[in-house]
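So you know, we letter chains A, B, ... as the sequences are listed, proteins then strands, and number each from 1.
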4 protein chains.
Amino acid sequence: MASAPATRRPVSRARAVATSRFDRRLAEIVSHATEVFCEKGYEGASMRDLSRASGMSLAGLYYYFESKERLLFLIQKHTFTTIVQRLKSRLEGVNDPEQQIRIFILNHLEYFLANPASMKVLSHEAEALKNGFASEVAAIKREYYRICVGLLDDLKRARGLQFSTRIAVLSLFGMMNWIYTWHNSRVDADAEQLADEMSDIFLRGVMTGGKVRR
Amino acid sequence: MASAPATRRPVSRARAVATSRFDRRLAEIVSHATEVFCEKGYEGASMRDLSRASGMSLAGLYYYFESKERLLFLIQKHTFTTIVQRLKSRLEGVNDPEQQIRIFILNHLEYFLANPASMKVLSHEAEALKNGFASEVAAIKREYYRICVGLLDDLKRARGLQFSTRIAVLSLFGMMNWIYTWHNSRVDADAEQLADEMSDIFLRGVMTGGKVRR
Amino acid sequence: MASAPATRRPVSRARAVATSRFDRRLAEIVSHATEVFCEKGYEGASMRDLSRASGMSLAGLYYYFESKERLLFLIQKHTFTTIVQRLKSRLEGVNDPEQQIRIFILNHLEYFLANPASMKVLSHEAEALKNGFASEVAAIKREYYRICVGLLDDLKRARGLQFSTRIAVLSLFGMMNWIYTWHNSRVDADAEQLADEMSDIFLRGVMTGGKVRR
Amino acid sequence: MASAPATRRPVSRARAVATSRFDRRLAEIVSHATEVFCEKGYEGASMRDLSRASGMSLAGLYYYFESKERLLFLIQKHTFTTIVQRLKSRLEGVNDPEQQIRIFILNHLEYFLANPASMKVLSHEAEALKNGFASEVAAIKREYYRICVGLLDDLKRARGLQFSTRIAVLSLFGMMNWIYTWHNSRVDADAEQLADEMSDIFLRGVMTGGKVRR
DNA sequence: TATGAATGAGTGTTCATTCAT
DNA sequence: TATGAATGAACACTCATTCAT
C-alpha cells in the first residue's frame, strides 16, 4: 500500500509519550478542522474557514500540514486508528462471540457519541481522499471490517447459524454509522443504552432462526 | 413551512399527464446532474461539469432551473416523492404489520438498487440544501419516516412488543441507506434477496424477546 | 512531437482569411500580454497585470485561453511562425548563397525592430515553456535554425570555405538576438542599415581566410 | 550614482585578505543561489528553493543577506568584477589592438565556460535588479563596455578602418553572451578554440574592407 | 549563529451566475 | 430556446520576509 507523503518534520525524537509543541499545535488545528469539516463538509469548508476557526493565519496553517487533503487524512487516520486500538484492548480476554460483538458495538458507539464530529467526518467524507491518502485510510478500514467479519464468523460457528456475514456486517455498520444523521444528545439515549438496543436488534436478528440443518 | 422558490415556468399549459417539451428536457438534465452529483458530490460538482455531462451550454442550463441548489432540490424531491408514492400504492390492501414492514423494506431497496445515483444523492447530500429547499424536502422525509414509525407501532401493538420505535426505525434506515457505500451489483444480491435478508435481521431482532409484561 | 492542448473552441469554419470575433479579441489580448511579458518577464507578470493591461476582468481572460503558459505559447508560436513564413517567401527565387544570408539577416532584424516586444519575449523566455508547449515551439525553432545552417553550408560549398557551421550560425543568432538588450530606436540605425552592418561583419568574417586546401 | 544598500555586517574585522567565517559561509550560499537562479530564473526561484539548495533554514539565510534581490546583486557584482579584474591584468603589457581584442574575447569566454551558471545569471537577469542595486551593476557593466569600445577604437585608428564601433561591440557581446543558450560541454569546443573561432569571425569581419578613404 | 513559527500580500485558477442576443 | 461572452468573489496555495529565541 502506498504510504502517505511524510510530514514536513522528522518524527519527534523525544522519549515515548512526550508530544512536541509542534504536535500539540497540530492537534489543536486538527481538532478545529474536524468541527469545520463536520459542519460544512470537506468540499464546502474553505481554508479560510479553517483559519478563522483555529485563530491562525491562512499561511500559518500551511506550516503544519501541506494541503487541505492531508488535514482530512490526519483526521480520518487518527480517528480510525484510535477506534481500532481501543477495540483491540477491550476485546482482550473476552472469548464469547456474542459478548465480543456487544463490545464491538459498544466501542464503536461510545467513540461515536464522544467524538461525533470526527465520526461524521469519517463516515461522510469517506470518498473525499484520493490516491495514497485514500489507500492508507482504506487499509485501516479494511482491518476494522475484517475484525467484525471474524467475530461474526465465530458466532456462526459457535451457534451453528446460517446467514450472509457480509450483509450482516454491512447492515450493522449502516445502523451504527447512520447515527450521525439523527443522534440528538438532548433527546437520545447515551452510548451504553444505544449499544444495548442496537446489539439486541442485531444479535437477535442474526441469531434467531436460520440454524444450519444437520 | 417555508415553501421553496417557485420555478421560473410554473404555468403548465399541458393537460393532466402530458409532459411538455420543457419538462422532458428538464428531466434529461436532472438525470445527468444526478450522475454528476453522485460521482463528485454536490459541492464538488461544478456547473461546468453539468454542462459537459448534459451537452448543453452553461448558460443554457439556467433556462431550466435558476440555481445549482434548485437542481439538487428537484432531484431529491422527485426521488423522495416517487418512493413514497410507490410505497403507498404497495401498502394498499395489506393488513399484517410484519408484511407491511417487509413491503416497506422491499420498496426502499428496490428503488435504491434501481436508482443508485439518485439514492446516493438523496442520502449523502441531505444537508446541502438550505432554507426553503431544505424544509420542503424535510417535509417529505418526515412523512416517509412517520409511515415507518406507524408500521412499527402497529407491529408492537399487534404482537405486544416492547422496544424504542425511534431507534428501531432509525436503525432500519441506517441499514438500508448505508448500502450506497458498499453495494456492488456484480457481487451482491438483488433487491428482493437483500430485502429478505435485511427484513429477517430487522424483524427477528425487533420481534424476539422484549415482550410487554402483563 | 507532442502537439499543444487544443484551444477551447473549434477552428473557425469561415472561409480563408476571415477571423472571428473571438479570434480578434484573443489577438488583442495576446498583443497586450506581449507588452506585459516584455516589460516584466513571464514569471514576473501576473494575470492581474494582464487583466489591467487588456482592460478585461481576470476571469474574463480565461475565456480566451486556459492558462498563462498557453498565452506565452501563443505569442511565441505566432512570432516564430510569422518570421519563418516571411523568410521563406523572401528566399524564393534567390540563388546566391551570400544574398540569401543577407536576406535571412534582414528578415530577422526587420521583424525584430518592428515587433521588439514579441522578439524579446521569444528570445528571453525561451525556457519558460514546458512539455508539450515547449516542444512545439522548439520544433519551429529547429526548422528556423536548420534553414540558416543550410544557407551557410551552401555558402561554404560555393566558395570553398572552411569553418564550423554550428558556431557560425549560433554566433549570428547571438549577434541578432542580443539586440533586444540594447537597441534604442532613437539612437540606433534602422533595420536595413543594421542588417547591412551585421551582414558585413558576419559574412566578411566567415568568408575571409579559411579556404579549403585543394 | 546611488550606491546599493550596505550589507548588514560591513565591519570586516579581519585584516586584509583574510576571509572571515561569515564571508566563507556567504560565498557558499551565493554559489548555491547561482545554480538555483540559473536553473529557475530569478523570479522563478523561491527563497525556499535557496534554503533547500544551501541546506540552511529559510530564516538562517537572512542572517547573510537582507533580501533575495541583494543576493542576485552579490552574484552579478562578483561575477562582473572578477571578469574585469582578470581582463585588466591580462591586458597589461599587450599593445597590439588585434591581440588585445583576442584577449578580451578569450577572457570572456574562459570565464563563461568555467562559470556558466554565473554568466547565465549575469546575462539573463540583467533587468531583474532595481534602483541602487541596478545602478551599481550597471556601472561595472559600463566600464567593461568602455574597455571594449576603447580596444576597437584603437584597432580602427591603428588600421585605418571604418565601421560603427557601437554596433561592432554590441554584436560581439551578442555572439559571446548568447552562448549560454546553446553551449553544450559534451559537444562544443573548449574556451580557447571557441575564442579563436569567434575572434576570427569578428576580427576578419571588422577588419576586411571598409578602409577609410584618404 | 541559526531556526521554528508565523504572517500579509499575492499567485494562477475556478466558481456560480448573468445578460445581450 | 439557447449561447457566447463576461464578471466579482472565492478557491487552495506560495511568496518574501520577520522575530522571539
Side-chain angles (χ1 to χ4, degrees), chain A residues 8-9 20-22 25-26 42-51 54-71, chain B residues 8-9 20-22 25-26 29 43-51 54-71, chain C residues 8-9 20-22 25-26 42-51 54-71, chain D residues 9 20-22 25-26 29 42-51 54-71:
Chain A
R8 118 184 14 189
R9 294 189 64 255
S20 64
R21 208 184 295 270
F22 180 93
R25 205 88 175 74
L26 175 55
Y42 172 71
E43 292 273 7
S46 75
M47 288 299 298
R48 276 156 187 88
D49 292 330
L50 301 182
S51 162
S54 60
M56 180 176 285
S57 76
L58 193 49
L61 293 174
Y62 282 88
Y63 183 71
Y64 291 94
F65 52 90
E66 68 259 14
S67 70
K68 190 186 166 193
E69 196 185 3
R70 179 161 172 88
L71 194 50
Chain B
R8 165 186 312 208
R9 234 187 100 284
S20 62
R21 196 193 297 273
F22 179 93
R25 208 85 177 73
L26 175 55
I29 294 170
E43 292 274 7
S46 74
M47 289 296 297
R48 266 168 181 86
D49 292 329
L50 302 181
S51 161
S54 62
M56 180 177 284
S57 78
L58 206 43
L61 293 173
Y62 281 87
Y63 180 73
Y64 291 95
F65 53 91
E66 73 259 14
S67 71
K68 190 185 163 193
E69 197 185 1
R70 179 160 172 89
L71 194 51
Chain C
R8 112 182 22 184
R9 294 187 65 254
S20 64
R21 207 184 296 270
F22 179 92
R25 206 86 175 75
L26 175 55
Y42 172 71
E43 291 274 8
S46 76
M47 289 298 297
R48 276 151 188 88
D49 291 330
L50 301 182
S51 162
S54 61
M56 180 177 284
S57 77
L58 195 48
L61 293 174
Y62 282 86
Y63 182 72
Y64 291 94
F65 52 91
E66 68 259 14
S67 71
K68 190 186 165 193
E69 196 186 2
R70 179 162 171 89
L71 193 50
Chain D
R9 233 188 102 289
S20 63
R21 197 193 297 272
F22 179 93
R25 208 85 178 75
L26 175 54
I29 294 170
Y42 172 71
E43 292 274 7
S46 74
M47 288 297 296
R48 266 169 180 84
D49 292 329
L50 301 182
S51 161
S54 61
M56 180 177 285
S57 79
L58 207 42
L61 294 174
Y62 281 87
Y63 180 71
Y64 292 95
F65 53 91
E66 73 259 14
S67 71
K68 190 186 163 193
E69 196 185 2
R70 176 159 175 91
L71 194 51

For a quick test of reading the model: is some side-chain N or O of [X] closer than 4.0 Å to OP1 or OP2 of [N]?
{"X": "Arg25(C)", "N": "dG4(F)", "answer": "no"}
{"X": "Ser46(C)", "N": "dT11(E)", "answer": "yes"}
{"X": "Tyr63(B)", "N": "dT1(F)", "answer": "yes"}
{"X": "Tyr62(C)", "N": "dT13(E)", "answer": "yes"}

Closest non-hydrogen atom pair, Glu43(B) against Glu43(A):
CB-CB, 3.5 Å
Residue pair Tyr64(C) / Leu26(C): nearest heavy atoms and the distance that separates them
O-CD1, 3.8 Å
d([atom1], [X]; [atom2], [N]) in whole Å:
{"X": "Glu43(B)", "N": "dT14(E)", "atom1": "CD", "atom2": "C1'", "result": "14 Å"}
{"X": "Arg21(B)", "N": "dT1(F)", "atom1": "CZ", "atom2": "C1'", "result": "10 Å"}
{"X": "Leu26(C)", "N": "dG4(F)", "atom1": "CG", "atom2": "C1'", "result": "15 Å"}
{"X": "Phe65(B)", "N": "dA2(F)", "atom1": "CZ", "atom2": "P", "result": "13 Å"}
{"X": "Tyr64(C)", "N": "dA6(F)", "atom1": "OH", "atom2": "C1'", "result": "8 Å"}
{"X": "Met47(B)", "N": "dT7(F)", "atom1": "CE", "atom2": "C1'", "result": "16 Å"}
{"X": "Phe22(C)", "N": "dA5(F)", "atom1": "CZ", "atom2": "P", "result": "7 Å"}
{"X": "Glu69(D)", "N": "dT17(F)", "atom1": "CD", "atom2": "P", "result": "9 Å"}

Atom pair [atom1] ([X]) and [atom2] ([Y]), whose distance is rounded to the nearest 0.5 Å:
{"X": "Tyr62(D)", "Y": "Ser51(D)", "atom1": "OH", "atom2": "OG", "result": "10.5 Å"}
{"X": "Leu61(A)", "Y": "Glu66(A)", "atom1": "CG", "atom2": "CD", "result": "13.0 Å"}
{"X": "Ser20(B)", "Y": "Arg25(B)", "atom1": "OG", "atom2": "CZ", "result": "12.5 Å"}

Are Glu69(C) and Tyr42(C) packed together at the side-chain level, in the sense that at least one heavy-atom pair is separated by less than 4.5 angstrom?
yes
Comparing Lys68(C) and Gly60(A) on DNA chain E - which has the more 5′ nearest nucleotide:
Gly60(A)
Let me spell it out: for each of Met56(A) and Leu58(B), pick the nucleotide of DNA chain E with the closest heavy atom. Which residue's pick is nearer the 5' end?
Met56(A)
Give a yes or no on whether a donor-acceptor pair under 3.5 Å exists between the nucleobase atoms of dG12(E), that is its base, and the side chain of Arg48(C).
yes
For DNA chain F, the dot-bracket pattern of Watson-Crick and G-U pairs whose distances stay under 3.5 Å, | for other-strand partners:
.||||||||||||||||||||
Mapping Leu61(B) and Ala59(A) onto DNA chain F by nearest heavy atom, which one lands closer to the 5' end?
Leu61(B)
Please check this pair: side chain of Ser54(D) against backbone of Leu50(D), looking for a donor-acceptor N/O pair closer than 3.5 Å.
yes
